[in-house]
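Taking it in order: structure first as structure tokens, then the write-up.
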Amino acid sequence: MARLAPLKPFAERPRLERMRGLLPHLGHPETSFPTVLVAGTNGKGSTAALFAAMARAAGYRVGLYTSPHLETVHERITVDGALIADDRLAALIDELLGIAAARRAVAPTFFEALTLAALLHFRAEAVDLAVIEVGLGGRLDATNVCDPRLSIVTSIGYDHTEHLGDTLEAIAREKAGIFRAQRPAVAWRDLPEIARSLSGAADACGAQLRFADDWITVEPESPAEALPEAEPPPDAYAQHLRVRYAQHLRVRVRGRRDGPAIDHAIALGLAGVHQRRNLGLAVFAAHALAEDGFAQLADPATIARGVARCRWPGRLEWIRTAAGPPVLLDGAHNADGAAVLASYLRQQVAGPFELLMGTLANKRVKHMLPHVADGAAHVTLTRAAPSPRGADPADLQPLIPGHSVTVEPDAERALDAALDRARAAGRTLVICGSLYLVGDLRPALRARLGAPASPWDASA
């Protein structure tokens, strides 16, 4: 959107002063509805999408704010699955910038402006609940001007260390900045040092933190440890009743106060074993919020119906058409995400594959690229985003010595070359390294292969 283009992508350092300065002049929209804040390094978008889908299935009117987007900025702001309209978003941005100019204040950043627009839109749409994904960290993120009814922290790893700290304990403390006194918070126990840091932060502010893995188990319906994933349908965005789900799972929530356990039989459309944890966290969060006034969220049938309808493209997203080779899209953008992708590839892709990868310049690429490139027959390196944000692909080649590598900075030319190689060799093409790259190439793939559909072509 043209109105957003002049804004700085992000602040030099995270802070809340600009947001707090503008909110009174907007009538404090953040106080108009209950919110759920979702922070974490990996899995926060999937967890937010799953939780929002459950809340919608329970009959609540739900606003969902996520980042980054794949194909259009409007994806970031939805109400009951409907994207914010272009003219509506334009009017909200004009309002925000006009107020900032009248106050002679520094204009909000790109992310701050979209966060404020989301809050205004959710108020106007009279949502019952807003599920809001944190952008960076938690404590000083623009979304933290909200007063969450429930806080969720997903997997924590090394990312944005220049802002959040260079230890897992420090990063966890920043994520825990979304906790609130006397309010529920849920997280996964993860490593001991992360659990200690989250628990310490919760004790310091008086939050009611519970670790989901103390209360919940998620297992495949099959007794085998590794459940083979069903082949995705040709149209990955067909109506949900026609979808062959990636995973059929049984989720058990242990009852509190010696109450009975609650079993959920769930068909999950999101691929990857790691999504089981995101699902478990979202289900446990639904039960936690049900105890705090959203009673309809505790119904197992409602939860299963919401999960069945949830889709989250760009994350282990398969494209299979007659026009080209199988293509796997994944936005893995840090070391932990790359390790998850590498594990998935070992389990689900037979033989070597073609790899097309590009990353942002501020990522720990030396901890990412070798993970994924290990099983690749050939690697094409490209630029994930325009300079200076996208890493120069020529700088990445030395990280994988001994591999067959092509460097092509133009992403669409890189895609054409990688598709040709994959087609000729009968191999799968894997595209990863950044959601920006995945988002840019989805329309290009659609033009060449007829798929994937736009993420928002059909209602959820």
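Quick note: residue numbers are just sequence positions, from 1. Please read these numbers as outputs of a predicted model, since none were measured by experiment.
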- Nearest heavy atoms of D128 and G59, plus distance in Å: OD2-O, 4.4 Å
- Message: Quick check: do L168 and S197 have side-chain heavy atoms less than 4.5 Å from each other?
- Response: no
- Query: Taking the six-membered ring for Trp, are F122 and F33 parallel (under 30°), tilted (30 to 60°) or perpendicular (over 60°)?
  - Reply: perpendicular
- Item | Ion pair D374/R346, N-O distance below 4.0 Å | no
- All heavy atoms of L369 vs all of M357, minimum pair found to be CD1-SD, 3.3 Å
- Going through the distances and angles, do L297 and L289 end up as a side chain to side chain contact (heavy atoms under 4.5 Å, CB included)? CA-CA 7 Å; L297 268 170; L289 198 60; 3.9 Å; yes
- Query: Is it true that R76 and E71 make a salt bridge, defined as a side-chain N closer than 4.0 Å to a carboxylate O?
  - Reply: no
- Message: Minimum heavy-atom separation for L64 and A52, please, with both atom names.
- Response: CD1-CB, 4.1 Å
- Query: Side chains of I156 and K175: closer than 4.5 Å at any heavy-atom pair?
  - Reply: yes
- V307 side chain near L50 side chain, heavy-atom distance below 4.5 Å: yes
- Message: Within this structure, what is the CD1-CG distance for the pair I178 and N144, rounded to the nearest 0.5 Å?
- Response: 7.0 Å
- Task: Examine distances only and state if a side-chain atom of R305 and a backbone atom of A57 form a donor-acceptor pair shorter than 3.5 Å.
- Result: yes
- Item | Sub-4.5 Å side-chain heavy-atom contact between L129 and R149 | no
- Message: Is there a side chain to side chain contact (heavy atoms under 4.5 Å, CB included) between F179 and V153? Walk through the geometry before answering.
- Response: CA-CA 9 Å; F179 293 171; V153 176; 3.7 Å; yes
- Check the pair D330 / E317 against side chain to side chain contact (heavy atoms under 4.5 Å, CB included), numbers first and verdict last. CA-CA 6 Å; D330 191 61; E317 177 185 16; over 6 Å; no
- Task: Answer yes or no: is there a donor N or O on one side and an acceptor on the other, between the side chain of R315 and the main chain of S46, under 3.5 Å?
- Result: no
- Task: Before accepting this row, confirm whether a basic side-chain N of the pair R61/E125 lies closer than 4.0 Å to the acidic partner's carboxylate O.
- Result: yes
- Query: Between P326 and R320, what is the shortest heavy-atom contact and its length?
  - Reply: CB-CG, 4.3 Å
- Item | L279 and L270: CA distance, side-chain angles, deciding distance, side chain to side chain contact (heavy atoms under 4.5 Å, CB included) verdict | CA-CA 9 Å; L279 171 66; L270 309 184; over 6 Å; no
- Is S199 reaching over with its side chain to a backbone N or O of A195, donor-acceptor style, under 3.5 angstrom? yes
- Would you call the rings of H287 and H264 parallel, tilted or perpendicular, where under 30° means parallel and over 60° means perpendicular? perpendicular
- Task: Give, for atom CG of D336 and atom OG of S155, the distance between the pair rounded to the nearest 0.5 Å.
- Result: 5.5 Å
- Is H121 close to L89 at the side-chain level, that is, under 4.5 Å between some pair of heavy atoms? no
- Non-hydrogen side-chain atoms of T143 and E133 separated by less than 4.5 Å: no
- dist E95:CD -> L116:CG (nearest 0.5 Å) comes out at 10.0 Å
- Message: So L328 and Y344, do their side chains get closer than 4.5 Å, heavy atoms only?
- Response: yes
- Task: Would you indicate whether R448, at its atom CZ, is surrounded by more than 12 heavy atoms from other residues, nucleotides or ligands within a distance under 6.0 Å?
- Result: yes
- Message: Name the residue from L150, L281, T154, V134 that meets the side chain to side chain contact (heavy atoms under 4.5 Å, CB included) definition with V38.
- Response: T154
- Message: Distance check, rounded to the nearest 0.5 Å: L114 atom CG versus I93 atom CD1?
- Response: 5.5 Å
- For F353, is the NZ or CZ atom of R427 found under 6.0 angstrom from the centre of its six-membered ring and inside 45 degrees of the ring axis? no
- Report yes or no: does D213 contribute a side-chain atom to a donor-acceptor pair with the main-chain N or O of W188 at less than 3.5 Å? no
- Task: Report yes if the side chains of T47 and W312 come closer than 4.5 Å at any heavy-atom pair, otherwise no.
- Result: no
